[in-house]
Amino acid sequence: MIMNVLAVGDVVGEQGLAFLEQHLRSVQKLHGVHFTVVNGENASGVGILPRQARAIYEAGADVVTLGNHTWNRIQIKDLLDDVSWILRPANYTSRVPGRGLGIYEGPRGLRVAVMNLIGRCEMDSNFDNPFTVADRLLRHLDADLCLVDFHAEATSEKGAMAYYLDGRVQALWGTHTHVPTADCQVLDRGLGFVTDLGMTGPARSVLGMKHEQAVNRFLGGLPMRFEPAPGPCKLEAVLFSLDTETRRCVHVERVDIAE
């Protein structure tokens, strides 16, 4: 069968969460989606609260992934251990709650693995090497398909990871930079890839935040807590179509919507 996987870009603020709740199920129905992964690490601006994680799950996500802001809302720590549908990056070096890999039931009883990794270029160098962590996790993985959310700053690191895992996983997408890329592709050994999904949140903004705050920062103004911008929202996502018999991705396309 062809299994359609929807990967949804970073949810930003309560506005982004509300837009996801309003539109996710209709997008799933329109595109015949069988499995959905949503990155939610910015649901509270920076970090995510337990109620926001549950809202994303109840809106239609099968898995909620996180990133470098996982611990900005420390209230999430208990939920990371309590439920299997939320993942934090697998390559955190310290002993922290939660898991970075889960196996979930897909259509027709398929075992779908989802891996959450974080990059090191221009990020916290205290993370383990995501390439070697991916090797370790894949070595004994018992699943029919594997999907990877690579939360990274550098486009080069995301691209390198895609080529490194080509033939071993079926889809890999980048998150974190909140800007959608136009490079949807299928690599030679059947891995579907896009450098960045984009985001779900305020459209007239700088990465979802008030543009005047970003300008202030670059002009050297006083530091301030960033706030999600008001106004219309957008949902940016990518659809991966996977052949479950050959274990290859056969098509990748953007499915963005906006107010």
Side-chain angles (χ1 to χ4, degrees), residues 5-28 33-92 94-106 112-118 123-124 127 147-152 173-178 196-202 207-209 225-229 233-238:
V5 174
L6 185 70
V8 181
D10 310 37
V11 175
V12 180
E14 291 290 347
Q15 302 97 311
L17 177 56
F19 196 73
L20 182 86
E21 291 175 309
Q22 182 180 357
H23 294 286
L24 180 57
R25 293 197 185 275
S26 61
V27 172
Q28 292 170 325
V33 172
H34 301 100
F35 196 85
T36 301
V37 182
V38 178
N39 189 286
E41 73 138 12
N42 290 116
S44 67
V46 285
I48 185 171
L49 295 168
R51 67 168 178 81
Q52 294 168 329
R54 292 188 184 280
I56 293 173
Y57 181 69
E58 291 167 3
D62 293 287
V63 180
V64 179
T65 52
L66 303 177
N68 60 303
H69 292 306
T70 297
W71 311 118
N72 285 76
R73 296 289 180 266
I74 199 63
Q75 299 96 315
I76 199 66
K77 64 180 178 65
D78 292 336
L79 190 65
L80 291 172
D81 279 333
D82 290 344
V83 300
S84 62
W85 48 260
I86 186 168
L87 301 175
R88 47 84 176 155
N91 54 316
Y92 275 110
S94 58
R95 188 174 180 179
V96 294
R99 61 193 64 80
L101 175 71
I103 299 178
Y104 309 91
E105 184 176 350
V112 181
V114 180
M115 186 186 305
N116 193 184
L117 296 170
I118 194 165
M123 300 276 268
D124 188 338
F127 301 127
L147 318 171
V148 180
D149 177 342
F150 190 27
H151 198 80
W173 55 84
T175 56
H176 176 64
T177 56
H178 293 201
D196 202 278
L197 300 176
M199 70 171 198
T200 299
L207 309 185
M209 301 299 165
R225 182 179 179 81
F226 282 103
E227 300 174 4
C233 287
K234 59 184 178 179
L235 183 153
E236 293 171 334
V238 170

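Between Gly208 and Pro202, the shortest heavy-atom distance links the atoms O-CG, 3.6 Å. Residue Gly45 comes nearest to Pro228 through the heavy atom pair CA-CG, 4.5 Å, listed as atom of the first residue, atom of the second, then distance. Ile76 and Thr70 get closest at one heavy-atom pair: CG2-O, 3.5 Å. The two residues Leu24 and Ala61 make their nearest non-hydrogen contact at CD2-N, 3.9 Å. Across all non-hydrogen atoms, the minimal contact from Leu79 to Ala53 is CD2-CB, 3.8 Å. In terms of heavy-atom proximity, Gln52 sits nearest to Ala43 at NE2-O, 3.2 Å.
Within a 6.0 Å sphere centred on CZ of Phe226, heavy atoms belonging to other residues, nucleotides or ligands number more than 12.
Within the structure, every pair that satisfies the salt bridge (charged side-chain N to carboxylate O under 4.0 Å, His left out) test and touches residues 5-15, not counting sequence neighbours, is listed here: Glu14-Arg51.
To the nearest 0.5 Å, the span separating CZ on Phe127 from OH on Tyr92 amounts to 5.0 Å. Between the CG atom of Leu197 and the NE2 atom of His151 there is a distance of 11.0 Å, given to the nearest 0.5 Å. Taken to the nearest 0.5 Å, the CZ atom of Arg54 stands 12.5 Å off from the CG atom of Leu49. Separating the CZ atom in Phe35 from the CG atom in Asp62 is a distance of 4.5 Å, to the nearest 0.5 Å. Note that CG of Leu207 and OG1 of Thr177 are 8.0 Å apart. Values are rounded to the nearest 0.5 Å.
Side-chain N or O atoms of Arg88 include none that pairs as donor or acceptor with a backbone N or O of Asn116 at under 3.5 Å. In this structure, the side chain of Asn68 does not engage the main chain of Ile118 through any donor-acceptor pair within 3.5 Å. Under the 3.5 Å distance criterion, the side-chain polar atoms of Tyr104 are matched with a main-chain donor or acceptor of Ser84. Asn42 places no side-chain N or O within donor-acceptor distance of the main-chain N or O of Val11, the cut-off being under 3.5 Å. Proximity of a side-chain donor or acceptor of Gln28 to a complementary backbone N or O of Gly60 within less than 3.5 Å is detected.
Donor-acceptor pairing under 3.5 Å is recorded for the side chains of Asp149 and Thr175.
Counting heavy atoms from C-beta outward, Tyr57 and Val83 have side chains that stay 4.5 Å or more apart. You'll find the side chain of Val5 stays beyond 4.5 Å of the side chain of Val112, heavy atoms only.
Remark: of the listed residues Met209, Met199, Glu236, Met199 is the sole one forming a side-chain contact (heavy atoms from CB on, under 4.5 Å) with His178. Residue Ile86 is tested with Thr65, Ile56, Val63, Val64 for a side-chain contact (heavy atoms from CB on, under 4.5 Å); the sole match is Val64.
The side chain to side chain contact (heavy atoms under 4.5 Å, CB included) search around Met115 returns Leu101, Leu117, Ala134, Leu137, Leu138, Cys146, Val148, not counting sequence neighbours. Every residue two or more places apart in sequence or in another chain that forms a side chain to side chain donor-acceptor pair (under 3.5 Å) with His69 is listed here: Asn72.
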**Message:** Let's go through Val27 and Leu6 carefully: what are the C-alpha distance in whole Å and the side-chain angles of both, what is the deciding distance for side chain to side chain contact (heavy atoms under 4.5 Å, CB included) to 0.1 Å, and is it a yes or a no?
**Reply:** CA-CA 9 Å; Val27 172; Leu6 185 70; 4.0 Å; yes

